[in-house]
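Comments concern the structure below.
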Amino acid sequence: LEKDLGMKGFDLNIALTMYYICYVISDVPSNLILKRLGSTWIAFLVIVFGVVTIGTAFVKSFAGMVMTRVFLGLAEGGTISGLVYITARYYRRKEFVLRTGIYFGIAPTLAGAFGGLLASGLLAVPDFGPVVRWRKVCIITTGIGILLLFFIPDDPRTTRFLNDDERALAIARIDADQAIKTGGRKEKTTLKLVLRSFNIHTTLCVICFIMINISFQGLSLFLPTVITTRTIESQLRTVPVYLVGAVWAVFASYFSFRIKQRTIPMLLSVVYIVIGYTITIATKEPHARYAACFLSVAGGSPTGPLLLIWGTDNAAPDTMRAVVTAAITGFGALGALIGVWTYLPTDAPDYHKGNSLNLATSSAVIVLIILGWLLLRRENDKRERGERDYRLENKTHTELEEMGHLHPQFRYQL
């Protein structure tokens, strides 16, 4: 890539930085548009992402690469958070972790694994026309977006995939999980609700997500570089690392579902990250460092999804849920932006600065998760004792519906 486009020094880091900046900017507005327009918006984003990706295969300069990164960031920014928001419209909070944890935990890890396989396979395919070497890797997504126009489910109240009885059941299930039943209606989006979304719990989840992203995305971006072998062999050696991460992501999500807790599986996973980076810093032996990558990726694979689920579980009403899912993944992408600059060519081959930063951030995440758990448990105890009942006084029905997580009957997911 760098050779074909005449890139040198920090050019690749600059292009990735532009991508993540646009990703962060687009996430929250995209989810609010999704709340208004429905799931067709996600199909549109995937189509745009696919078209820009195809265009990337024909880029011939560094400036062209930067422009495609800008549009990719804008298109991809709302995709993950949008999928999480739609899923949250169908499942109760106790069910949400298993569904979202599996697909959000597996998707990035399998993408990393089979992306490596795909990349190594395409690099072995003969060139055709201007599509040579790395350009072959870029030609793959738009058809999926077109299929989504027909197959992605819309809101439970309007989707054509449910009959009347199924629709009524879906709405009743969600109502049973709410302090105030709304019949699946979405309240009006207001600035007050948007600003309320950035409460202390959301902020804590965002900070933790940023720090996990520094570790997980930074290592993911440069894992083939850490594994310094021939190009195809390097790609193939990343595959088992991501597969182990996918397996642990599924187990952690199921474990969280069974014990009805988010905190314990997150803490276990972050401990793996800490151990992994401790080994990486303590030794220069390549096999030990490669083994440490298994621990770091396995720990990071479910932690990001569980943080997102934790924040979404505790966000209500609907506007807040849309904003919180986008805020955690969107602002959390700042961690990936920082990660781009932690594994620099000047720090090769040991990458001591990047690994040390990741050890520090993952250790801090353990402290913050415990702090978040203590705050939520304290608030739940207050509500059990009736110390928040005063909030119901002199409220209209609309105001009660918009209280969401502030309602005395709402219990935070620990």
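Predicted model, so just to flag it, every value in this text is computed and none were measured. No hydrogens, no waters, no symmetry mates; every other heavy atom, side chains included, goes into these values.
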Item checked: Result of checking Ser269, Ser253, Ser301 against Trp248 for side-chain hydrogen bond (donor to acceptor under 3.5 Å, both in side chains) -> Ser269
Item checked: Arg196: partners by salt bridge (charged side-chain N to carboxylate O under 4.0 Å, His left out), with sequence neighbours left out -> none
Notebook entry, point to check: Would one find more than 12 heavy atoms of other residues, nucleotides or ligands at under 6.0 Å from atom CZ of Arg385?
Noted result: yes
Item checked: Crowding at CD1, Ile200 (>12 non-hydrogen neighbours, <6.0 Å) -> no
Item checked: Flag side-chain contact, heavy atom, 4.5 Å: Trp41 against Lys35 -> no
Check: Roughly how far, to the nearest 0.5 Å, is the CE atom of Met18 from the OG1 atom of Thr68?
Finding: 11.0 Å
Item checked: Closest approach of Pro302 to Ala249 (non-hydrogen atoms, all atoms of both residues) -> CB-CA, 3.8 Å
Margin query: Determine whether a donor-acceptor pair (N or O, by modelled atom type, separation under 3.5 Å) exists between the side chain of Ser362 and the backbone of Val270.
Written below: no
Notebook entry, point to check: Leu357 versus Ile338: any side-chain heavy-atom pair under 4.5 Å?
Noted result: yes
Item checked: Asp381 and Glu387, any side-chain heavy atoms less than 4.5 Å apart -> no
Next item on the list: Please name the pair of heavy atoms, one in Leu414 and one in Thr263, separated by the smallest distance, quoted to 0.1 Å.
Entry: C-OG1, 3.5 Å
Note to self: Side chains of Asn380 and Tyr412: any donor to acceptor distance under 3.5 Å?
What the structure shows: no
Notebook entry, point to check: Is any side-chain heavy atom of Leu98 closer than 4.5 Å to a side-chain heavy atom of Tyr254?
Noted result: yes
Check: If you draw a 6.0 Å radius around CZ in Phe161, do more than 12 non-hydrogen atoms from other residues or ligands fall strictly inside?
Finding: yes
Margin query: Please enumerate all residues that pass side chain to side chain donor-acceptor pair (under 3.5 Å) together with Tyr90, with sequence neighbours excluded.
Written below: none
Next item on the list: Would you confirm whether Tyr277, through its side chain, and Ser215, through its main-chain N or O, come within 3.5 Å as a donor-acceptor pair?
Entry: yes
Note to self: When you measure from the side chain of Thr280 to the backbone of Gly276, do you find a donor-acceptor pair of N or O atoms at a distance under 3.5 Å?
What the structure shows: yes
Next item on the list: With side chain to side chain contact (heavy atoms under 4.5 Å, CB included) as the test, would you mind laying out the steps for Leu193 and Ser197 before giving the verdict?
Entry: CA-CA 6 Å; Leu193 288 175; Ser197 302; 5.6 Å; no
Note to self: Please determine whether a side-chain nitrogen of the Lys or Arg among Lys192 and Glu402 lies less than 4.0 Å from a carboxylate oxygen of the Asp or Glu.
What the structure shows: no
Next item on the list: State, yes or no, whether a side-chain contact exists between Thr17 and Ile21 at a heavy-atom distance under 4.5 Å.
Entry: yes
Notebook entry, point to check: Name the one of His407, Glu379, Gln409 that satisfies side-chain hydrogen bond (donor to acceptor under 3.5 Å, both in side chains) with Arg388?
Noted result: Glu379
Notebook entry, point to check: Do Asp318 and Arg321 meet the salt-bridge criterion of a basic N to acidic O distance under 4.0 Å?
Noted result: yes
Notebook entry, point to check: Please, which pairs that meet side chain to side chain donor-acceptor pair (under 3.5 Å) have at least one residue in residues 146-159, sequence neighbours excluded?
Noted result: Arg89-Asp155
Next item on the list: Kindly give the heavy-atom pair with the smallest separation between Pro29 and Ile25, and that separation in Å.
Entry: CD-O, 3.5 Å
Margin query: Main chain of Asn358, side chain of Thr361: is a donor-acceptor contact present, judged purely on distance under 3.5 Å?
Written below: yes
Check: Do Arg93 and Phe410 meet the cation-pi criteria used here (NZ or CZ under 6.0 Å from the six-membered ring centre, within 45° of the axis)?
Finding: yes
Checklist line | Listed partners of Tyr272 passing side chain to side chain donor-acceptor pair (under 3.5 Å), at least two apart | finding: none
Note to self: Are more than 12 heavy atoms, taken from residues, nucleotides or ligands other than Tyr91, located less than 6.0 Å from that residue's OH atom?
What the structure shows: no
Check: Can you name the closest pair of heavy atoms from Ala315 and Val324 and give their distance?
Finding: CB-CG2, 3.7 Å
Next item on the list: Output yes when Arg99 and Glu95 qualify as a salt bridge under the 4.0 Å nitrogen-oxygen rule, no when they do not.
Entry: no
Item checked: Verdict with reasoning, His405 to Asn314, per side chain to side chain donor-acceptor pair (under 3.5 Å) -> CA-CA 7 Å; His405 73 105; Asn314 295 320; over 6 Å; no
Margin query: Evaluate Val48 against Leu45 for side chain to side chain contact (heavy atoms under 4.5 Å, CB included), listing each step before the verdict.
Written below: CA-CA 5 Å; Val48 171; Leu45 291 177; 5.8 Å; no
Checklist line | side chain to side chain contact (heavy atoms under 4.5 Å, CB included) evaluation trace for Ile264 with Phe255 | finding: CA-CA 9 Å; Ile264 294 175; Phe255 181 49; 4.0 Å; yes
Checklist line | Other residues, nucleotides, ligands: >12 heavy atoms within 6.0 Å of Lys353 NZ | finding: no
Notebook entry, point to check: Is there a side-chain contact between Ser256 and Leu306 (heavy atoms, below 4.5 Å)?
Noted result: yes
Next item on the list: Nearest 0.5 Å please: distance from the OH atom of Tyr85 over to the CG atom of Leu34.
Entry: 6.5 Å
Notebook entry, point to check: After noting the C-alpha distance and the side-chain angles of Asp27 and Ser81, does the key distance pass the side chain to side chain donor-acceptor pair (under 3.5 Å) rule?
Noted result: CA-CA 7 Å; Asp27 223 324; Ser81 58; 2.6 Å; yes
Checklist line | The single option from Glu401, Glu187, Gln178 passing side chain to side chain contact (heavy atoms under 4.5 Å, CB included) against Pro317 | finding: Glu187
Item checked: Residues which pass salt bridge (charged side-chain N to carboxylate O under 4.0 Å, His left out) with Glu399, listed by chain and number, not counting sequence neighbours -> none
Next item on the list: Measure across Ala327 and Phe198 and return the closest heavy-atom pair with its distance rounded to 0.1 Å.
Entry: CB-CE2, 3.7 Å
Checklist line | For Arg391, side chain to side chain donor-acceptor pair (under 3.5 Å) partners two or more places apart | finding: none
Item checked: Atom CG of Asn163: over 12 foreign heavy atoms under 6.0 Å -> yes
Check: Under a 4.5 Å cut-off applied to non-hydrogen side-chain atoms, are Phe96 and Ile309 in contact?
Finding: yes
Next item on the list: Could you walk me through whether Val297 and Val244 pass side chain to side chain contact (heavy atoms under 4.5 Å, CB included), step by step?
Entry: CA-CA 8 Å; Val297 172; Val244 170; over 6 Å; no
Next item on the list: Specify the closest pair of heavy atoms between Ala170 and Leu162, including all atoms of both residues, with the distance to one decimal.
Entry: CB-CD1, 4.2 Å
Margin query: With a 3.5 Å distance limit and no angle check, can you tell me whether Asp177 reaches the backbone of Arg173 through a side-chain donor-acceptor pair?
Written below: no
Check: Is the number of heavy atoms from other residues, nucleotides or ligands within 6.0 Å of CZ (Arg92) greater than 12?
Finding: yes
Margin query: Any non-hydrogen side-chain atom of Leu243 less than 4.5 Å from a side-chain atom of Val247?
Written below: no
Item checked: Identified side-chain hydrogen bond (donor to acceptor under 3.5 Å, both in side chains) partner of Asn31 from the options Thr329, Thr325, Thr319 -> Thr325
Next item on the list: Keeping the roles fixed (side chain from Arg262, backbone from Trp310), state whether a donor-acceptor pair exists under 3.5 Å.
Entry: no
